[in-house]
Amino acid sequence: MGAGATGTSVVVNLVRSGAAQRIDVFEPGAIGHGKAFSSTDPALLCNTSADSMSLLTECPDDFVDYLHGLGMPVAPQDCVPRYLFAQYCRDRYLDVRSLASARGVRLRHHQDKVVSVAGAGPGYTLLTESGAECPADAVILCMGVDAWAPPVVRPFRRHAGVVPASALGSVAALSCHSRVLVLGSRLSAVDAVIMLSRSGCRVQVASPSGTLPSVRTRMYPHPPDRGTLTALAGHPWVGTTDAAQADRFIAGLVRCLAGHGRPHLRDQLSLADDPVERLRAEIAIAEEGHNSWQDLTVEFIALTNEWLLRQPPVAWQNFWAIVEGVIDRYISAMPMGNAKKLLSLADSGHLEVRGRRPAELFRTGGRWTMKWQDGSCDHFDSVVYATGYRPPAMWCSGGRLLLGAHRQGMPPAVSADLRVDLGRNSDERVFAVGQCSATRAPLVHGVVAVAPQVSRVMGQLRAPPA
Ligand SMILES: Cc1cc2nc3c(=O)[nH]c(=O)nc-3n(C[C@H](O)[C@H](O)[C@H](O)COP(=O)(O)OP(=O)(O)OC[C@H]3O[C@@H](n4cnc5c(N)ncnc54)[C@H](O)[C@@H]3O)c2cc1C
């Protein structure tokens, strides 16, 4: 259910592995688009390098090979326009549709949304928004994320002047040369600034942290040098996920970052207080090739997910909240091209970045006034919220999984092998992949994190039902 990047990867690997005879894909939109890749705007780049974006679990270079097949001279570390990844998903889906038909596997895309999954004996019945019912032996949940609106903008969500960042590509452009507030300062805010700058808007980016993502030029070291962090798994400071251990964990990580002939940590990172000066310094560090931390990103994601999957979520969630606060801007770093665009906008007076918390938004004299928690006020022509995404709302009640907000029940538990507990005391064949598994694995917001999960689920699907 759900065929953004994650669901497309599931379908492609299911067909290629021969693990299913009939596959019903429920996706109301286009295959492979999802929240991340539906924009056709060539200015919107992937935040991750092409060599980390394969859909195929057994072929990590598949996306790079695909781009080369189109005649594009792309290097593995390049961050390509996002629409190319959507096109890759669609083409790989079409490839496996032919393969499925040759192998006698029935593969069908239903443009419909699933609203519930009910346990029915050893199998399941899916109910959709249009009222259709579909039986299944196993269900794989890949519903991705929903945009999150902060309370301060909720009363104005239907107003044309208050726009989610995800809609900027499709709404009629905000007035040229207007003054725009972007709430949030992470990757979606970076996209928003880039889009708004084309209409000459002057933008204030504001968030409680007031920090932009760091800057990367690749995700894998060249030449490959994987295994630096592998020792992490055996370190004494990884023994427990008590919140008190978070500082020791970060200290250990820092030791790994500085070792192995890498530059001293003070040469890899900038701690400048001013976000624009920090951006300037991090661009310079990346240009000199001193941001060696970037080479550990993928290994860190894989190890952390693997390790925390084995701990009960209640044991690591406080711990993780602290660690995430420190590492998030590096895990979710922006590509150099975007960093340079932002710096040039800041230098020309079109962008300012502030650390502040919104208190109240109201409309006065045809403009928006944002009152901040420090009591000050600013005036804007439009407000864009780029305040992040949340995993989809899922509830478990009476052996059924209910999807969508305003439903009743308990959020379902997800086991270490990614099975979703419907409260029936059985080893369900309902699996959560990508953001649907976020309560169990913390770093699932990237294509690179999905492949190990897809492999894990494929392995269990091939095993006979308990
Ligand atoms: C703006 C943005 C940019 C990003 N850029 C990158 C990047 O460059 N690199 C990277 O690795 N990651 C990126 N990500 C993270 C990205 O979300 C994941 O990497 C990846 O796309 C996985 O998405 P997904 O398929 O799990 O979810 P989504 O893309 O959210 O797709 C979920 C799909 O499920 C469908 N769906 C939802 N509910 C139901 C239902 N009840 N029934 C049926 N279908 C349903 C939706 O229609 C949607 O198509 C980005 C994310 C965002 C939001």
Side-chain angles (χ1 to χ4, degrees), residues 1-11 24-39 41 44-55 63 78-86 88-89 109-117 126-130 132 134 139-148 164-169 184 186-192 194-195 213 216 219 297-298 301 331-335 338 386-395 401-405 407 432-438 443-451 453-454:
M1 289 159 42
T6 303
T8 309
S9 176
V10 165
V11 174
D24 289 285
V25 182
F26 287 88
E27 166 54 63
I31 298 283
H33 283 201
K35 304 280 182 307
F37 302 105
S38 53
S39 171
D41 190 333
L44 288 183
L45 301 181
C46 292
N47 297 308
T48 48
S49 54
D51 58 358
S52 70
M53 298 186 73
S54 171
L55 289 177
F63 184 40
D78 287 351
C79 293
V80 300
R82 254 182 240 162
Y83 75 86
L84 286 171
F85 187 76
Y88 162 65
C89 288
H109 174 197
H110 307 263
Q111 286 205 291
D112 204 350
K113 206 165 177 174
V114 176
V115 292
S116 68
V117 178
L126 278 67
L127 179 64
T128 73
E129 217 166 47
S130 71
C134 178
V139 180
I140 307 178
L141 309 175
C142 313
M143 288 97 66
V145 283
D146 292 324
W148 185 76
S166 55
L168 269 184
R186 292 302 162 95
L187 290 171
S188 303
V190 172
D191 289 346
I194 287 168
M195 283 192 276
R216 69 165 144 243
M219 291 188 70
T297 312
V298 177
I301 291 172
I331 295 284
S332 302
M334 66 177 127
N338 286 353
T387 36
Y389 294 84
R390 296 288 180 275
M394 298 196 280
W395 312 99
L401 187 68
L402 307 170
L403 305 172
R407 309 294 296 260
V433 183
Q435 289 289 341
C436 292
S437 68
L443 289 171
V444 282
H445 44 286
V447 175
V448 74
V450 166
Q453 291 195 323
V454 175

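We count ligands from 1, going down the list as the structure has it; atoms in each ligand are counted the same way. Sequence positions, counted from 1, serve as the residue numbers for this chain. No experiment lies behind these values; they were computed from the predicted model shown.
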Practice task
Flag Gly7 as yes when one of its N or O atoms lies below 3.5 Å from any N or O atom of ligand 1, and as no otherwise.
Solution key: no
Practice task
Output yes when the distance from some N or O of ligand 1 to some N or O of Ser188 is under 3.5 Å, and no in every other case.
Solution key: no
Handout entry: Inter-residue atom distance Phe63.CZ - Ser54.OG, 0.5 Å rounding
Key = 10.0 Å
Problem - Check: Ser52 main-chain N/O paired with Thr48 side-chain donor or acceptor under 3.5 Å - result: no
Fill in the blank from the handout: Check: of Met143, Met1, Met394, Glu27, min heavy-atom distance to atom 46 (C) of ligand 1 comes from Glu27
Completion exercise
Here the gap from His110 atom NE2 to Cys134 atom SG, rounded to the nearest 0.5 Å, amounts to 5.0 Å
Practice task
Say whether Ala5, considering both its backbone and side-chain N or O atoms, lies within less than 3.5 Å of an N or O atom on ligand 1.
Solution key: yes
Exercise for the section: Identify, for atom 4 (C) of ligand 1, the protein heavy atom at the shortest distance, and state residue, atom and that distance. Expected result: Ala36 CB, 3.5 Å
Problem - Identity and distance of the protein heavy atom lying nearest atom 19 (O) of ligand 1 - result: Val447 N, 3.2 Å
Practice task
Test Phe37 against Tyr83 for ring-ring contact (aromatic ring centres under 6.0 Å, His included), laying out the working first.
Solution key: CA-CA 6 Å; Phe37 302 105; Tyr83 75 86; over 10 Å; no
Fill in the blank from the handout: Per-atom filter on ligand 1: closer than 4.0 angstrom to a heavy atom of Met53 are 9 (N)
Completion exercise
among protein heavy atoms, the one nearest atom 34 (O) of ligand 1 is Gly2 CA, 3.2 Å
Completion exercise
Taking only non-hydrogen atoms of Cys46 and a 4.0 Å limit, the atoms of ligand 1 in range are 8 (O)
Practice task
Run the salt-bridge test on Asp191 and Arg186 with the 4.0 Å N-O cut-off and return the result as yes or no.
Solution key: no
Exercise for the section: Say whether Val114, considering both its backbone and side-chain N or O atoms, lies within less than 3.5 Å of an N or O atom on ligand 1. Expected result: yes
Exercise for the section: Select the closest option to atom 9 (N) of ligand 1 among Leu126, Thr48, Val115, judged by heavy-atom distance. Expected result: Thr48
Exercise for the section: Look at atom 21 (O) of ligand 1 and say which protein heavy atom is nearest, naming residue and atom and giving the distance to 0.1 Å. Expected result: Phe37 CE1, 3.2 Å
Problem - Any donor-acceptor N/O pair, Arg216 side chain to Asn47 backbone, under 3.5 Å - result: yes
Exercise for the section: Give a yes or no answer on whether the side chain of Glu129 reaches the backbone of Val115 with a donor-acceptor pair at less than 3.5 Å. Expected result: no
Problem - Gly4 touching ligand 1 at heavy-atom level, < 4.0 angstrom - result: yes
Exercise for the section: Below 4.0 angstrom from a heavy atom of Phe26, which ligand 1 atoms are there? Numbered from 1 as shown, please. Expected result: 43 (C), 44 (N)
Handout entry: Donor-acceptor contact present, side-chain Thr387 to main-chain Trp148, <3.5 Å
Key = yes
Practice task
State whether the side chain of Lys35 and the backbone N or O of Asp146 hold a donor-acceptor pair below 3.5 Å, judged by distance alone.
Solution key: no
Handout entry: Close N or O approach (Asp191, ligand 1; < 3.5 Å)
Key = no
Exercise for the section: Heavy atoms only: give me the nearest Asp112-Ser130 pair and the separation to one decimal. Expected result: OD2-OG, 2.5 Å
Problem - Exercise: identify the closest heavy-atom pair between Leu187 and Ala333 - result: CD2-O, 3.7 Å
Exercise for the section: Quick one: look up the protein heavy atom nearest atom 8 (O) of ligand 1 and list residue, atom name and how far away it is. Expected result: Asn47 N, 2.7 Å
Handout entry: N/O separation below 3.5 Å, Tyr389 to ligand 1
Key = no
Practice task
State whether the side chain of Ser9 and the backbone N or O of Leu55 hold a donor-acceptor pair below 3.5 Å, judged by distance alone.
Solution key: yes
Practice task
May I ask you to identify the nearest protein heavy atom to atom 29 (O) of ligand 1, giving residue, atom name and distance to one decimal place in Å?
Solution key: Lys35 N, 3.0 Å
Handout entry: Partner of Met219 under side chain to side chain contact (heavy atoms under 4.5 Å, CB included), chosen from Pro335, Cys79, Ser49
Key = Ser49
Completion exercise
shortest atom 40 (C) of ligand 1-to-protein heavy-atom contact is with Lys113 CG, 3.4 Å
Practice task
Flag Asp112 as yes when one of its N or O atoms lies below 3.5 Å from any N or O atom of ligand 1, and as no otherwise.
Solution key: no
Problem - Within-shell test, Arg82 vs ligand 1, heavy atom, strictly < 4.0 Å - result: yes
Exercise for the section: Distance to 0.1 Å, residue and atom name: give those for the protein heavy atom nearest to atom 27 (O) of ligand 1. Expected result: Gly144 CA, 3.1 Å
Practice task
Considering the heavy atoms of Gly446, write down every atom of ligand 1 situated less than 4.0 Å from one of them.
Solution key: 10 (C), 11 (O), 12 (N), 19 (O)
Handout entry: Exam field: side chain Arg82 to backbone Leu45, donor-acceptor pair closer than 3.5 Å
Key = yes
Practice task
Look at the side chain of Glu27 and the backbone N and O of Ala3, then say whether any donor-acceptor pair between them is shorter than 3.5 Å.
Solution key: yes
Problem - Test of proximity, Thr6 against ligand 1: N or O pairs below 3.5 Å - result: yes
Handout entry: Close approach, Cys142 and ligand 1, non-hydrogen under 4.0 angstrom
Key = yes
Fill in the blank from the handout: ligand 1 atoms nearer than 4.0 angstrom to some heavy atom of His445 are 12 (N), 15 (C)
